[in-house]
Peer 1: 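One structure coming up, written as structure tokens, with questions to follow.
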Amino acid sequence: MNGDNVGPNFIRDIVEEDVRANRDGGIVVTRFPPEPNGYLHIGHAKAVCLDFGMALDFGGRCHLRMDDTNPSKETEEFVEAIKTDIRWLGFDWGDHFYYSADYFRKMYDIAEELIRHGHAYVCGLSQEEWKTYRGVPTAPGTPSPHRDRPADESLDLFRRMRAGEFADGELCLRSRIDMASPNIHFRDPVLYRILHTPHYRAGDSWCIYPMYDFAHPIEDALEGITHSLCTLEFEVHRPLYDWVIDRMDELGMLKSVNGVKIRPRQREFARLNLSYTIMSKRKLQQLVAEKRVSGWDDPRMPTLAGLRRRGYTPEAIREFARRIGVTKFESLTDMALLEHCLREDLNRRAPRAMAVLRPLKLVIENYPDGDEETFDAVNNPEDPAAGTRKVPFSRELYIERDDFMENPPAKFHRLAPGREVRLRYACYVTCTGVEKDSAGNVTAVLCKFDPQSRGGGTPDGRRVKGTIHWVSARHAVPAEFRLYDRLFTKENPADESDGSPFVDHINPASLETVQGWVEPLMAFAAPGTPVQFERLGYFCPDLRDAEPGKAVFNRSVTLRDSWARAMKAGKED
RNA sequence: UGCCCGAUGGUGUAAUGGUAGCACAACAGACUCUGGAUCUGUUUGUCAUGGUUCAAAUCCAUGUCGGGCAACCA
């Protein structure tokens, strides 16, 4: 029963032990419960992979449930986006798609039962007053003056709350637990509040809404969830979760499967933090609202929609989730690991092509002007089955500006006056001179080619140190390239303890747009399909802006570049 | 100065009383028609102090540091 969707971790150990002990009849049912008030991000992907992965690995199932108990922030748009993203990631909830809102009636009935049994009461304290009564972590609270309200009276008041007789905040339903508890969440937490706000799904049928702490365990219990996995900040809520489950048990409302009563248990793990980006929904929302990015799906965003548009694959993200593991340690994971997972996946799968981002004209003086020919190029050296393609060649080519230097350092393997390089898949050329404009800028590189080197080698077996990519000027298709870099310059922009807001650390160079050329076949690349532009990186035609006749490529991630690294380290000589 | 949780190389994670391992990153080399990929090698670690034990990253105690908790948010 050991799949490999989820690697070894303490949650897996717990589930394994539960199954071994035949707890809940040995079945595993998890759930992923997003609130539809924003887009899913890579941090959610970690949770999705855990929730669905555990179910998959133990032959169980995972429910998708919109945790929509707060009508003021939730919309249908987000529901659809969430479903799209989870499907894209590669997970399937089958028929088990739920809304918290669909349980409102049941929750209301349970609340009434709690009142009857003395577990809850209607409280008329204002939020401001409650602050005083609740006490602080270091000192016990004092009971609300309404704590001893008779059940009949609370029931009447609660029904009138539901009927809309009171204004927002005028009354609330409170659990009756322990005002002296060292755990603040046990000091008679609110179960229901009055909110005269229509719900995107339930419409205006309710003006009272359940709180998360009340709703969540009920949903889990009704659905027969065995393992309710959530993030660390809910750890202190666990006693309350268990309290509600106990009440459900008393009411005989725990689900039974094959005669076995299912008792949901909450387990907590650390959320994902990634270097040079942010994971807070609120902050992401702020980037969108302030138009610092183009939207939730801006390719620089850590949202799944953004990563998808950037060219990330579900496989890479799932592998990333597997590798980071699951612990209770609040870590800051290196973005380089995510990038590594993408490169690893794309290196295996992405077809190669040639593109020139910053063009410099190269003229082969001894190549006849009107002539042209094609060379065979390998589509993917990692996958022989991908075959080869024909790439057109002629007298005038574009090469990368970076691939030519007039006065190169010793270890520069590319083109320079008098130096010979290989044009990838084509032939050897030797630089014979340059053309310059009046300002002294090189406008073209002049070369002669060795006709015997056609195909990329020579009879005399002489070696060249460099191989550079190119496109034939006459055949090239113009293209826009969007070169993305990390969104922030600070490793942990979410940390504002130094007084600087995260938006102050947005990387001004996170997007650079350049106009260049691609080989002809790339004009037909389908949006979203990955390609490696040789020696540059992995790209994909933009999902939004690429269309027939308009080539727009997003750079997903660069290739590892040891030359650039050496240059940066100042070791070029 | 209450309650809860955590601490293993630069980063992330494994070892469940018995040789501290893996991955990423970094560095070095080999190979190469991508300065890519691949392969080989190197550097760096159990928060501290006690205790239990033949044996402690692991169990216990104390301390230190970090995180969470005082929404009618989730």
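Only a predicted model underlies this, so the values are computations on that prediction, with no experimental measurement involved. The chains referred to below are lettered A, B, ... by the order of the sequence lines, with proteins before strands, and numbering in each begins at 1.
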Peer 1: So among A:Glu344, A:Glu382, A:Glu315, which one has a salt bridge (Lys or Arg N to Asp or Glu O under 4.0 Å) with A:Arg349?
Peer 2: A:Glu315
Peer 1: Just checking A:Glu235: base, sugar-phosphate only, or nothing, at a heavy-atom cut-off of under 4.0 Å?
Peer 2: sugar-phosphate
Peer 1: With a 3.5 Å cut-off and no angle check, do the side chains of A:Thr313 and A:Asp345 form a donor-acceptor pair?
Peer 2: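 Short answer, yes.
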Peer 1: Quickly work out the A:Glu74 CD to B:A74 C1' distance and round it to whole Å.
Peer 2: 9 Å
Peer 1: Rounded to whole angstrom, note down the P distance from B:C47 over to B:U8.
Peer 2: 6 Å
Peer 1: Using OP1 and OP2 only, check whether a side-chain N or O of A:His340 sits under 4.0 Å from B:C24.
Peer 2: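 Answer is yes, contact under 4.0 Å.
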Peer 1: Side chain of A:Leu337, heavy atoms from C-beta onward: which of B:U13, B:C24, B:U32 has the nearest atom to it?
Peer 2: B:C24
Peer 1: Could you work out the separation of B:A23 and B:A15 based on their C1' atoms and round it to a whole Å?
Peer 2: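 Roughly 15 Å separates the two C1' atoms.
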Peer 1: Check every strand shown and say whether A:Ile208 touches a base, only sugar-phosphate, or nothing at a heavy-atom separation below 4.0 Å.
Peer 2: nothing
Peer 1: Are A:Arg414 and A:Glu400 ion-paired here, with the side-chain N under 4.0 Å from a carboxylate O?
Peer 2: no
Peer 1: Select base, sugar-phosphate, or nothing to describe what A:Pro381 touches, counting heavy atoms under 4.0 Å on all strands.
Peer 2: base
Peer 1: Does either side chain, that of A:Ser100 or that of A:Asp67, offer a donor lying less than 3.5 Å from an acceptor on the other one?
Peer 2: yes
Peer 1: Which part of the nucleic acid, if any, lies within contact of A:Arg463, taking any heavy atom under 4.0 Å across all strands shown: a base, the sugar-phosphate backbone alone, or nothing?
Peer 2: sugar-phosphate
Peer 1: Look at the side chain of A:Arg414 and the base of B:G35, then say whether one donor and one acceptor between them are separated by less than 3.5 Å.
Peer 2: yes
Peer 1: Answer with base, sugar-phosphate or nothing: what part of the nucleic acid does A:Thr69 contact at a heavy-atom distance below 4.0 Å?
Peer 2: sugar-phosphate
Peer 1: Check whether any side-chain N or O of A:Arg565 sits under 4.0 Å from OP1 or OP2 of B:A26, and answer yes or no.
Peer 2: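 Affirmative; the distance criterion is met.
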Peer 1: Paired with B:U58 by Watson-Crick or G-U wobble geometry, both distances under 3.5 Å: which nucleotide is it?
Peer 2: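 Result: none.
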Peer 1: Would you mind reading off the distance between A:Arg187 atom CZ and B:C4 atom C1', rounded to a whole angstrom?
Peer 2: 14 Å
Peer 1: Please state the C1' separation for the pair B:A56 and B:U46 - nearest whole angstrom.
Peer 2: 11 Å
Peer 1: Would you call A:Trp563 stacked on B:G35, i.e. ring centres under 5.5 Å apart with the planes less than 30° off parallel?
Peer 2: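 Stacking is present between B:G35 and A:Trp563, given that their ring centres fall under 5.5 Å apart and the planes under 30°.
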Peer 1: So, OP1 or OP2 of B:A37: does either fall under 4.0 Å of a side-chain N or O from A:Arg348?
Peer 2: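 Checking B:A37 against A:Arg348, no side-chain N or O comes under 4.0 Å of OP1 or OP2.
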Peer 1: Kindly assign one of parallel, tilted or perpendicular to the pair A:Phe393 and A:Phe449, based on the angle between their ring planes and the thresholds 30° and 60°.
Peer 2: tilted
Peer 1: Atom CG of A:Asp334 to atom P of B:A25: distance rounded to whole Å?
Peer 2: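 Going from A:Asp334 (CG) to B:A25 (P), I get 8 Å.
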Peer 1: Considering only B:A70, B:A74, B:U13, which nucleotide approaches the side chain of A:Val136 most closely?
Peer 2: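 Minimum distance to the A:Val136 side chain belongs to B:A70.
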Peer 1: Give A:His216 one of three labels, base, sugar-phosphate or nothing, depending on what nucleic acid heavy atoms sit under 4.0 Å from its own.
Peer 2: nothing
Peer 1: Inspect the contact between A:Arg462 and A:Asp450 and indicate whether a charged nitrogen and a carboxylate oxygen are less than 4.0 angstrom apart.
Peer 2: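 Answer for the salt bridge query: yes.
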Peer 1: Is the A:Trp206 ring parallel, tilted or perpendicular to the A:Tyr108 ring (thresholds 30°, 60°)?
Peer 2: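 Taking A:Tyr108 first and then A:Trp206, their aromatic rings sit tilted (interplane angle of 30° to 60°).
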Peer 1: In whole Å, I'd like the distance from the CG atom of A:Asp383 to the P atom of B:U34.
Peer 2: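 The answer, rounded to whole Å, is 17 Å.
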Peer 1: Taking atom C1' of B:U11 as reference, at what distance in whole Å does atom CG of A:Leu332 sit?
Peer 2: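 Whole-Å distance recorded here is 8 Å.
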Peer 1: For the base of B:G36, is there a side-chain donor-acceptor partner from A:Glu382 under 3.5 Å away?
Peer 2: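 Donor-acceptor pair under 3.5 Å: yes.
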Peer 1: Distance between the P atoms of B:U43 and B:G10, in whole angstroms?
Peer 2: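 The answer is 14 Å between these two P atoms.
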Peer 1: Taking the same atom, P, in B:U42 and in B:C24, what whole-Å distance lies between them?
Peer 2: 16 Å
Peer 1: Looking for any heavy atom pair under 4.0 Å, which part of the strands does A:Glu339 touch: base, sugar-phosphate only, or nothing?
Peer 2: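 Touches nothing.
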Peer 1: Using a heavy-atom cut-off of 4.0 Å across all strands, would you classify A:Asp67 as base, sugar-phosphate, or nothing?
Peer 2: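 Since only primed, P, OP1 and OP2 atoms lie under 4.0 Å of A:Asp67, the category is sugar-phosphate.
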Peer 1: Considering only heavy atoms and no angle criterion, is a donor-acceptor pair shorter than 3.5 Å present between the side chain of A:Arg352 and the base of B:U34?
Peer 2: yes
Peer 1: Should B:C3 form a Watson-Crick or G-U wobble pair with both distances under 3.5 Å, which nucleotide is its partner?
Peer 2: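 Here B:C3 is engaged in a pair, and the nucleotide opposite it is B:G68.
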Peer 1: Taking NE2 from A:His413 and P from B:G36, how many angstroms apart are they, rounded to a whole number?
Peer 2: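 A:His413 atom NE2 is separated from B:G36 atom P by 11 Å.
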Peer 1: How far, in whole Å, is B:U64 from B:A37 if one measures between their C1' atoms?
Peer 2: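 Each nucleotide's C1' atom is 46 Å from the other's.
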Peer 1: Write down the distance separating the P atoms in B:U16 and B:A7, rounded off to the nearest Å.
Peer 2: 16 Å
Peer 1: Once you round it to whole Å, what is the distance between P of B:U32 and CZ of A:Arg422?
Peer 2: 11 Å
Peer 1: Write down the partner of B:C27 under the Watson-Crick or G-U wobble criteria, each distance required to be under 3.5 Å.
Peer 2: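 B:C27 is paired, partner B:G41.
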Peer 1: Indicate whether OP1 or OP2 belonging to B:G36 is found under 4.0 Å from a side-chain N or O atom of A:Ser562.
Peer 2: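 So the side-chain polar atoms of A:Ser562 do come within 4.0 Å of the phosphate oxygens OP1 or OP2 of B:G36, strictly under.
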Peer 1: Over all strands shown, is A:Pro137 touching base, sugar-phosphate only, or nothing at heavy-atom distances under 4.0 angstrom?
Peer 2: base
Peer 1: Any idea if B:A71 is syn or anti, going by the 90°-from-0 cut?
Peer 2: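 Syn conformation for B:A71.
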Peer 1: For A:Leu232, answer base if it contacts any base atom (sugar-phosphate contacts may also be present), sugar-phosphate if it contacts only those atoms, and nothing otherwise; contact means non-hydrogen atoms under 4.0 Å.
Peer 2: nothing
Peer 1: Now, which nucleotide makes the Watson-Crick or G-U wobble pair with B:G36, with each of the two distances under 3.5 Å?
Peer 2: none
Peer 1: Any side-chain N or O of A:Thr327 less than 4.0 Å from the OP1 or OP2 oxygen of B:U13?
Peer 2: yes
Peer 1: Could you tell me whether the side chains of A:Tyr241 and A:Asp220 share a donor-acceptor contact shorter than 3.5 Å?
Peer 2: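 Present: a donor and an acceptor within the cut-off.
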Peer 1: B:C73 C1' sits how many Å from A:Asp68 CG, rounded?
Peer 2: 14 Å
Peer 1: Please state the C1' separation for the pair B:C22 and B:A48 - nearest whole angstrom.
Peer 2: 27 Å
Peer 1: How long is the span from the NZ atom in A:Lys465 to the CD atom in A:Glu420, to the nearest 0.5 Å?
Peer 2: 12.0 Å
Peer 1: I want to check one thing: is the phosphate of B:C73, taken as OP1 and OP2, less than 4.0 Å away from some side-chain N or O of A:Ser72?
Peer 2: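 Checking B:C73 against A:Ser72, no side-chain N or O comes under 4.0 Å of OP1 or OP2.
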Peer 1: Would you classify A:Asn9 as touching base, sugar-phosphate or nothing, given that sugar-phosphate means primed atoms plus P, OP1 and OP2, and contacts are heavy atoms under 4.0 Å?
Peer 2: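 Sugar-phosphate, backbone atoms only, no base.
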Peer 1: Would you indicate what A:Tyr209 reaches in the nucleic acid, counting non-hydrogen atoms under 4.0 angstrom: base, sugar-phosphate, or nothing?
Peer 2: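 The answer is nothing, as A:Tyr209 stays clear of every strand by at least 4.0 Å.
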Peer 1: For B:C22, give its Watson-Crick or G-U wobble partner with both distances under 3.5 Å, or none.
Peer 2: B:G12
Peer 1: According to a strict under-4.0 Å criterion, is A:Arg323 in side-chain N/O contact with OP1 or OP2 of B:C22?
Peer 2: no
